[in-house]
Amino acid sequence: MSFSVEHLWLIPLLPLVAAAIGAFAPRGARTLAAGAAIAGLAGSFIVSCLALVTALKDPSVHAAYNFTWFALGEGAVRIGWLLDPLTAFMCVMVTFVGSLIFIFSFGYMHEDPNAKQFFCFLSLFAAAMLGILVANSLLLLFVSWELVGLASYLLIGFWFHKPEAAAAAKKAFITTRIGDLGFLLGLVWLYDATGTLLLFDGGNGVLEAPALGGMAAQVAVFGLPVTTAIGLLIFCGAAGKSGQFPLHVWLPDAMEGPTPVSALIHAATMVAAGVFLIARVYPLMVADQAIATAPLHALTVVAFIGAITALMGAVIAVAQNDIKRILAFSTVSQLGYMMLAIGVGSWTAAIFHLLTHAFFKALLFLGAGSVIHAAHHEQDIRRLGGLKGHMKVTFATFSIGMMALAGVPFLFSGFWSKESILHAAHEWDVSHLPLYAGLTAVVLTAFYMTRLMAEVFFGKARSEASSHAHENSAVMTVPLVLLAIGAILLGFLGMPSHPWLQSQLMGSEVEAHPIFEGAGLMILSIVLVGGGMGLGWFLYGRSPRLAAGSPDPLVATSPRVMDFLGARLKFDELYAATFGRLNTFGAAFSDFMDRNVWGGLVNFTGRFGLFSGWFSRDTDEGGLNAGFDATSGGLRGTGTFYSKRQSGDAHGYLRVMGLGFVVLVIVVMMGGGW
């Protein structure tokens, strides 16, 4: 069956329709809303598979369908759809993993009275993410980008009666908006420089040679090429969505929402959007590499930010005790790996890891959700334990996810995708610091995931909730099994000896290498994984804690360091003491200015207006009008007087003339004029 790029809009449309059904369904229609959500995303998965088949027929083609959205003066705003292997693979991943999360949610949210709204928000979330993937216009992508932010706010704060959830939703929304402001400025600048926001447009798109060449020749400030400046602004948006340092603080708190939300955000949707965006605009990001005089390259910034994030997330995860928070900081670390890969010039390795990470991280979060659901919402790993015998399916699948994340060779997908990133970092000729950060994160990842497994599944139950836990129903365990299969098989699509996935993404043949080429780095990585797992088992698995209050071996060794790590390096406190206080001061100053300055000016202006009105009224009525009225009255009286003298009576006139003659004679005689 053939598929046309013109029909690509069906992929985001189906879950959007499901969201509308959920929005207008009666409050208690949980089954209807859930069924529409699952059916809508499953339909999108089928369409995505058809799109993938079409895209793989000629992977080098960026098939675009553009059209006019609306007229604007003499011009028009044009948007469109884009189909290539990157879009198609991402759509298949999001719809498949998302469908399994939706199915899991049906069992997880079974008793929630607001489950109908939950599935409505899930569908909106998926539709917005798919809109990002299929967009051939950065304007359309940005609209979908903001809808993702809205949906994440609704889902993270879904249990809004919990103050922590409401605060986490606001934190996520505001933090990502900071990055999105940079993204928006980058789009405005890009439009000003090129006159379009279409990615591909028959040679006129912003990612095509004419536009990139024109921008690369322009200088912004301090010798910085325009492409570098725009790329860094766009990266601000990606850093916010993908939880990169220093905008990572929202991502661990996102686990305050229901666990399926955490799985959707951390695996398939929101955090993947930032990595996808930078991979999509990679030609723009790399355009400044040919300019030897450039003081800074965009990808260099991306590489070092990714390295810092990868190491920081892994270090903090070591000291966390909440099962979801450990996985959240693990996501921060793995997203850092992906950005590191793009920064060192291997966006295909980043997408490879993004795809494998989606499966094993969704598996881990849903496995954590299975544990939490069975243990009556207990999330503290110190109060769990002994679940291996009670929850065999969850234990087996979670173990697969754990080994994929830790990079256990050679069966698990995370090993191959992680190795591709490390080898790309090793070949980067700018610096090996990102490589060292990545290798350090390798041993830390193996350590904290072994600690989590030992604390949750081994030893004896350390709480009433843990002792009475039992395996969940098939609606929750079957998605775990399917994700576990994907967490194993997906890695074989990008092995160095058979780099099929990389070849499809690049649109050209990628050179194959023997598995053990560059064996030194691979062996070092394997040793680090083994060392991290061995140390984790030595401290936590060999002698499991007997009670929830038993001392943690690491805390006993370095209490201050562990407290500092447990407090997430005090980033929240730092931001509260700096930006938070600055914001509070700004709000207080604005309030003072509003009440005492601007408000005073407004009140003065109002009172001056009243005074002017009163003065004008009194002057007009008591001065001008009164004087005019008096003058008019005098003239009117004089006129009346004279009018009475003009009676028309001839006898009266003769009498006046006679009287006047007599007066005249008297005057003359008195004057001696005779």
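Because the structure is predicted, anything quoted here is derived from the model rather than measured.
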Would a 4.5 Å heavy-atom cut-off, applied to side chains only, mark [X] and [Y] as touching?
{"X": "Phe3", "Y": "Val53", "result": "no"}
{"X": "Val442", "Y": "Val529", "result": "yes"}
{"X": "Thr269", "Y": "Val148", "result": "no"}
{"X": "Leu138", "Y": "Trp145", "result": "no"}
{"X": "Leu364", "Y": "Met449", "result": "yes"}
{"X": "Phe89", "Y": "Ile351", "result": "no"}
{"X": "Trp428", "Y": "Leu435", "result": "no"}
{"X": "Pro258", "Y": "Phe158", "result": "yes"}

Where is the tightest heavy-atom contact between [X] and [Y], given as atom of each residue plus distance?
{"X": "Ala42", "Y": "Ser99", "value": "N-OG, 3.7 Å"}
{"X": "Leu480", "Y": "Ser370", "value": "CD1-CB, 4.3 Å"}
{"X": "Pro252", "Y": "Arg325", "value": "O-NH1, 3.9 Å"}
{"X": "Thr394", "Y": "Gly367", "value": "CG2-O, 3.8 Å"}
{"X": "Leu56", "Y": "Pro59", "value": "O-CD, 3.6 Å"}
{"X": "Met476", "Y": "Gly107", "value": "SD-C, 4.0 Å"}

Determine yes or no for a side-chain-to-main-chain donor-acceptor pair under 3.5 angstrom, with [X] supplying the side chain and [Y] the backbone.
{"X": "Ser330", "Y": "Ile326", "result": "no"}
{"X": "Ser333", "Y": "Phe329", "result": "no"}
{"X": "Thr309", "Y": "Phe245", "result": "yes"}
{"X": "Thr95", "Y": "Val92", "result": "yes"}
{"X": "Tyr448", "Y": "Ala314", "result": "no"}
{"X": "Trp250", "Y": "Gly240", "result": "yes"}
{"X": "Glu208", "Y": "Gly203", "result": "yes"}
{"X": "Ser242", "Y": "Gly274", "result": "yes"}
{"X": "Asp84", "Y": "Thr87", "result": "yes"}
{"X": "Gln289", "Y": "Val286", "result": "no"}

Which distance, rounded to the nearest 0.5 Å, do you find between the [atom1] of [X] and the [atom2] of [Y]?
{"X": "Leu155", "Y": "Met270", "atom1": "CG", "atom2": "CE", "answer": "10.5 Å"}
{"X": "Asn136", "Y": "Trp81", "atom1": "CG", "atom2": "CH2", "answer": "10.0 Å"}
{"X": "Phe96", "Y": "Ile101", "atom1": "CZ", "atom2": "CD1", "answer": "11.0 Å"}
{"X": "Leu405", "Y": "Phe415", "atom1": "CG", "atom2": "CZ", "answer": "14.5 Å"}
{"X": "Phe412", "Y": "Leu489", "atom1": "CZ", "atom2": "CG", "answer": "11.5 Å"}
{"X": "Ser346", "Y": "Leu422", "atom1": "OG", "atom2": "CG", "answer": "11.0 Å"}

- Message: Run Leu199 and Val206 through side-chain contact (heavy atoms from CB on, under 4.5 Å) and show every step you take.
- Response: CA-CA 5 Å; Leu199 300 176; Val206 297; 3.9 Å; yes
Parallel, tilted or perpendicular, as decided by the 30° and 60° cut-offs, for the rings of [Y] and [X]:
{"X": "Tyr282", "Y": "Trp347", "answer": "tilted"}
{"X": "Phe67", "Y": "Tyr65", "answer": "tilted"}
{"X": "Phe119", "Y": "Phe102", "answer": "perpendicular"}
{"X": "Trp416", "Y": "Phe410", "answer": "tilted"}
{"X": "His357", "Y": "His353", "answer": "tilted"}

- Message: Run Ile156 and Ile265 through side-chain contact (heavy atoms from CB on, under 4.5 Å) and show every step you take.
- Response: CA-CA 9 Å; Ile156 294 171; Ile265 289 177; 3.7 Å; yes
- Determine whether more than 12 heavy atoms belonging to other residues, nucleotides or ligands lie under 6.0 Å from atom OH of Tyr153. no
Name the atoms and distances for all side-chain donor-acceptor pairs under 3.5 Å in residues 490-512, with sequence neighbours left out.
unit_1 : atom_1 : unit_2 : atom_2 : d
Gln502 : NE2    : Gly494 : O      : 3.1
Ser503 : OG     : Pro499 : O      : 3.0
Ser503 : OG     : Val510 : N      : 3.1

- Task: Verify side-chain contact (heavy atoms from CB on, under 4.5 Å) between Leu197 and Arg78, making sure each step is shown before the conclusion.
- Result: CA-CA 8 Å; Leu197 288 177; Arg78 301 177 67 222; over 6 Å; no
- Message: Is it the case that the side chains of Thr356 and Ser417 hold a donor-acceptor pair, with the cut-off being a distance below 3.5 Å and no angle test?
- Response: yes
- Query: Of Val478, Ile400, Leu366, which meets side chain to side chain contact (heavy atoms under 4.5 Å, CB included) against Leu483?
  - Reply: Leu366
- Listed once per pair and sorted, the salt bridge (charged side-chain N to carboxylate O under 4.0 Å, His left out) pairs that draw on residues 121-146, sequence neighbours left out: Glu146-Arg177
- Query: So Phe276 and Leu86, side-chain contact (heavy atoms from CB on, under 4.5 Å) or not? Walk me through it.
  - Reply: CA-CA 9 Å; Phe276 168 81; Leu86 176 59; 3.7 Å; yes
